Amino acid sequence: MKFSFLSKLCLCLCLTCVYAGAQETVESIRRQIKAVEAETAREKSLHDAEKKRHAEFVEVGRKKVQALAQQNKTLKAEIDSLKVEVKNLADARQKTTGTIKYFENRKAKYGTSLAKVIDSLAPVFESDFPYRNEEVVNSVKEIANQLSKGLIEADDGLNRTLEVFYDRIRLGYTTEVWKGFLQVDARSVAGTFMRYGAVAAIFVSNDGNDVLWLNRTENGGYVWKNVSDDLAMRTALKDVMKVAEGKTAPKLVTIPVAIPKEGK
């Protein structure tokens with residue numbers, strides 16, 4: 001069978017197209033295979049990475065569980081220790097409370113006893129040198145009253161009482177002149193007082209008719225003794241008053257001092 005040139009050319013082109021189509025199909029398949037292999041490799045890599053992360057997560061979780069178990073054990077031990085410490089503190093507190101209560105009772109009894117002692121000083125100050133005695137007596141009685149009612153502490157009451165004593169002691173180192181009234185034979189006489197420490201005092205009326213000095217009685221008390229009839233004594237005491245008031249030049253003067261009898 002003979003083919004024409006045109007027929008041969010068409011057959012050749014057809015074979016070439018078939019060959020090209022077949023070649024393109026193989027390359028496409030190869031590319032697809034490579035793509036699948038690459039995807040498979042990538043998936044395997046991701047799987048391996050995920051598996052590794054999972055293993056690490058499991059390991060971290062295991063370590064955390066172990067750490068939590070150790071912390072729980074340590075915490076339990078600390079709780080047990082704290083329970084023991086709390087019990088010890090409770091026992092110590094109970095003991096301390098008992099001790100405090102004991103000393104508070106002792107303190108209250110001491111305050112009551114001290115109040116009685118301070119109150120017993122009132123008669124002593126009443127019979128003391130007659131200068132502001134009523135004020136001092138009221139002060140010690142008030143201290144004793146506040147102590148007995150628990151309004152002040154024992155040390156405060158003691159310090160205030162000592163301060164009263166110190167004031168009376170300081171009284172012996174001072175001299176004072178003041179105006180006032182003195183009861184003389186049922187008469188309220190105006191005049192001038194002069195106090196020398198806590199041992200002597202004189203009084204001269206404004207008109208100069210009444211001159212008295214403070215004397216001790218046999219029972220240890222004090223009484224104003226009138227010397228208006230004793231001219232020498234009268235003159236001496238007036239002279240003392242002038243010196244005390246600064247109405248004359250300073251000089252040595254004689255002041256009558258009553259010395260209590262022994263045992264008074």
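Start at 1 with the first residue, then count along the sequence. Given the structure is predicted, the values throughout are model-derived calculations rather than measurements.
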Do Val243 and Tyr196 sit in the same hydrophobic cluster, where Ile, Leu, Val, Met, Phe, Trp and Tyr count as joined when their side-chain heavy atoms come under 4.5 Å apart?
-> yes
For Pro130 against Leu214, the heavy-atom pair lying closest together | CG-CD2, 3.3 Å
When you look at Glu56 and Lys52, which way does the side-chain contact (heavy atoms from CB on, under 4.5 Å) test go after all the steps?
-> CA-CA 6 Å; Glu56 291 176 350; Lys52 182 179 179 181; 3.4 Å; yes
For Phe129 against Ala198, the heavy-atom pair lying closest together | CD1-O, 3.1 Å
Between CD1 on residue Ile33 and OG1 on residue Thr40, distance to nearest 0.5 Å | 11.5 Å
More than 12 heavy atoms of other residues, nucleotides or ligands under 6.0 Å from CZ of Arg187: is that the case?
-> yes
Are Asp48 and Lys44 within salt-bridge range, i.e. N to O under 4.0 Å?
-> yes
OH of Tyr131: more than 12 outside heavy atoms within 6.0 angstrom?
-> yes
Check whether Val253 and Val177 end up in the same hydrophobic cluster, where Ile, Leu, Val, Met, Phe, Trp and Tyr are linked by side-chain heavy atoms less than 4.5 Å apart.
-> yes
Salt bridge (charged side-chain N to carboxylate O under 4.0 Å, His left out) evaluation trace for Glu59 with Arg62 = CA-CA 5 Å; Glu59 180 64 18; Arg62 186 183 65 81; 2.4 Å; yes
Considering only NZ, NE, NH1 and NH2 on the basic side and carboxylate oxygens on the acidic side, decide whether Asp229 and Arg234 come within less than 4.0 Å.
-> no
Distance-only, no hydrogens or angles: does the Asp207 side chain make a donor-acceptor pair with backbone N or O of Asn209 under 3.5 Å?
-> yes
Would a distance-only check, ignoring hydrogens and angles, find a side-chain to backbone donor-acceptor pair under 3.5 Å from Thr161 to Gly157?
-> yes
Step by step, would you call Arg195 with Leu171 a side-chain contact (heavy atoms from CB on, under 4.5 Å)?
-> CA-CA 10 Å; Arg195 175 185 60 79; Leu171 181 69; 3.4 Å; yes
Lys34 bridged to Glu37 by N-O distance under 4.0 Å = no
Looking at CG of Asp119 and CD1 of Ile143, how far apart are the two atoms once the value is rounded to the nearest 0.5 Å?
-> 11.0 Å
Hey, could you give me the CG/CG distance between Asn226 and Leu212, rounded to the nearest 0.5 Å?
-> 4.0 Å
List the steps, then state whether side-chain contact (heavy atoms from CB on, under 4.5 Å) holds for Thr235 with Leu231.
-> CA-CA 6 Å; Thr235 303; Leu231 183 59; 4.1 Å; yes
Below 4.0 angstrom, N of the basic side chain to O of the carboxylate: do Asp167 and Arg170 qualify?
-> yes
Using the ring of Phe125 (Phe, Tyr or Trp, six-membered ring only), decide whether Arg168 places NZ or CZ under 6.0 Å from its centre and within 45 degrees of its axis.
-> no
Nearest-0.5 Å distance that lies between atom CD in Glu50 and atom CZ in Phe57 | 11.0 Å
Over all atoms of both residues, closest heavy-atom pair of Lys238 and Gly208 | NZ-O, 3.0 Å
Do Met233 and Val199 belong to the same hydrophobic cluster, where Ile, Leu, Val, Met, Phe, Trp and Tyr are linked whenever their side-chain heavy atoms lie under 4.5 Å apart, directly or via other members?
-> yes
Any side-chain donor paired with an acceptor under 3.5 Å for Gln70 and Gln66?
-> no
Residue pair Leu237, Val227: steps toward the side-chain contact (heavy atoms from CB on, under 4.5 Å) verdict = CA-CA 9 Å; Leu237 293 184; Val227 296; 3.7 Å; yes
Ser139 and Arg160: side chain donor to acceptor below 3.5 Å | no
When rounded to the nearest 0.5 Å, the distance separating OG of Ser81 from CG of Leu75 is 11.5 Å
Quick one: do Asp91 and Lys95 satisfy salt bridge (charged side-chain N to carboxylate O under 4.0 Å, His left out)? Show the steps, please.
-> CA-CA 6 Å; Asp91 294 340; Lys95 184 178 180 181; over 6 Å; no
Judged by atom type as modelled, is there a donor-acceptor pair below 3.5 Å linking the side chain of Ser45 to the main-chain atoms of Ala41?
-> no
Mark yes or no for whether Asn138, through its side chain, and Glu134, through its backbone, hold a donor-acceptor pair below 3.5 Å.
-> yes
On a heavy-atom basis, the closest approach of Ala200 and Val257 is CB-CG2, 3.9 Å
Are Asp210 and Val204 side-chain neighbours, meaning at least one heavy-atom pair lies under 4.5 Å?
-> no
Under 3.5 Å, side chain of Asn88 to main-chain N/O of Val84, donor-acceptor pair present?
-> yes
In one Ile/Leu/Val/Met/Phe/Trp/Tyr side-chain cluster, 4.5 Å: Phe193, Val184 = yes
Linking I/L/V/M/F/W/Y whenever their side-chain heavy atoms sit closer than 4.5 Å, directly or via other members, would Leu162 and Val136 fall into one cluster?
-> yes
Glu153 atom CD, neighbour heavy-atom count above 12 within 6.0 Å = no
Option from Val189, Thr192, Val211 for which side-chain contact (heavy atoms from CB on, under 4.5 Å) with Phe203 holds = Val189
Closest approach of Asn133 to Asp128 (non-hydrogen atoms, all atoms of both residues) = ND2-O, 3.1 Å
Nearest heavy-atom pair of Leu147 and Ala115: which atoms, and what distance?
-> CB-CB, 3.8 Å
Any Lys/Arg nitrogen of Glu135 or Arg132 sitting under 4.0 Å from an Asp/Glu carboxylate oxygen of the other?
-> yes
Quick one: pull up CG in Leu46 and CD in Glu43 and give me the separation to the nearest 0.5 Å.
-> 5.5 Å
Does the distance from a Lys or Arg side-chain N to an Asp or Glu carboxylate O, for Lys73 and Glu78, drop under 4.0 Å?
-> no
